[in-house]
Amino acid sequence: MSSDGGSNSNSNRKGVRIGVLSIQGDVAENVAAVSSALKAPRGFEDDAVLQVKTAGEIARLDGLVIPGGESTTIGRLSAAGGVLDAIRERINGDGMPVLGICAGLIMLARSADDRTVGRLDGQPLLGVLDVEVQRNAFGRQRQSFETKLDIKSLAISNFKGVFIRAPVVCGTGPDVEALCELPPGVGGGGGVGGGDNDNGDAATDGGGNPRRRIVAVRKGDIIGTAFHPELAGDLSIHQHFVDAVRRRKRRD
Ligand code: GLN
C-alpha cells in the first residue's frame with residue numbers, strides 16, 4: 001500500500017484513496033483502522049490512507065472519515081480554510097462515501113443542539129444528513145460508557161460501542177435510515193430519554209414521548225455513528241465503509 005497516495009490522476013488505479021480529516025481528534029486510530037480494513041480480505045498496491053486537511057486534498061479522495069474529537073473545533077477550523085465547502089461539494093456532488101464518527105456525525109448533521117448549552121446557532125455543520133443531533137447527550141466525560149450493539153442492516157452483532165461524550169440522533173428525515181437505537185436505561189446513567197438527566201430537559205419531546213436515542217444512521221454511502229468504532233477492536237464498521245468506497249469507485 002502506498003503511503004502518499006501515489007500519482008493522483010492515474011485512472012487505471014485499482015486501489016482507493018481514503019482520507020482521514022486531520023484537523024483535530026482521533027486521527028491516528030482511524031488511520032490504523034482504515035489501513036487494516038483496506039487489507040481485508042486483500043488490498044491493492046495503490047490503496048492509500050491519507051491524513052487530509054485542505055480543500056485540494058479533499059478533491060482527490062475516494063472516501064473520507066471524519067473522526068471523533070471536538071465538533072466545534074473541527075467545524076470552525078475547517079470552515080475557515082474552505083475545507084467544509086469542499087467536503088460538502090464532494091458528498092453532495094459526487095456521492096463521495098463518508099464515515100462520520102461522534103464529532104464527525106455531528107458535522108454531517110443538518111442541525112445540532114447541546115444537552116447543557118441548548119441551541120448552537122454558530123456551529124458550522126456540513127448539513128448533508130437530514131438528522132437532528134444532541135451533542136454531549138449522555139453528559140460529561142465521566143458519563144462515558146461502553147455497551148454491546150447490534151446493527152442488523154449491516155449484519156453486525158455484538159459490536160463494542162464506545163461512547164465518549166457522545167451525541168445521539170433524536171430525529172431523522174425520511175431518507176435517513178436509523179441503523180441502531182439504544183434501548184431505554186442503557187447509557188451510563190444519562191442521555192435523552194433515559195437515566196438521570198441532570199437538567200431535566202430533552203428526556204421527552206413536546207408531546208411527552210421519550211425522545212429517540214439513535215446511535216448509528218445511514219443515507220446511501222453516508223454513515224454516521226455516535227460511538228467510536230476505531231476503538232472497538234472490531235473492524236466491521238470500517239470494513240463496511242471501505243467496501244462502500246470500493247463499490248463506489250468501481251461504478252464511477
Ligand atoms: N462531545 C464532542 C462534540 O460535541 C464529541 C465527542 C467525541 O467525538 N468523542 O463535539
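Note: hydrogens, waters and symmetry copies are ignored here, and every other heavy atom, side chains too, is used. In each ligand, atom 1 is the first atom listed, and ligand 1 is the first ligand listed.
The residues Glu70 and Arg165 are annotated as salt-bridged, a charged nitrogen and a carboxylate oxygen being separated by less than 4.0 angstrom. Between Asp47 and Arg246 there is a salt bridge, since at least one side-chain N of the basic residue sits less than 4.0 Å from a carboxylate O of the acidic one.
Within 4.0 Å of ligand 1, the residues that place a heavy atom are Gly68, Gly69, Glu70, Ser71, Cys102, Ala103, Ile106, Arg135, Asn136, Ile164, Arg165, His228, listed by chain and number.
Remark: Asp113 pairs with no residue by the side-chain hydrogen bond (donor to acceptor under 3.5 Å, both in side chains) rule, at least two apart or across chains. Residues satisfying the side-chain hydrogen bond (donor to acceptor under 3.5 Å, both in side chains) test with Asp85, not counting sequence neighbours, are Arg88.
Sorted by first then second residue, the salt bridge (charged side-chain N to carboxylate O under 4.0 Å, His left out) pairs that include residues 214-224, not counting sequence neighbours, are Asp175-Lys219, Glu177-Arg218, Asp221-Arg251.
Using cut-offs of 30° and 60° for the angle between ring planes, the Phe138 and Phe163 rings count as perpendicular.
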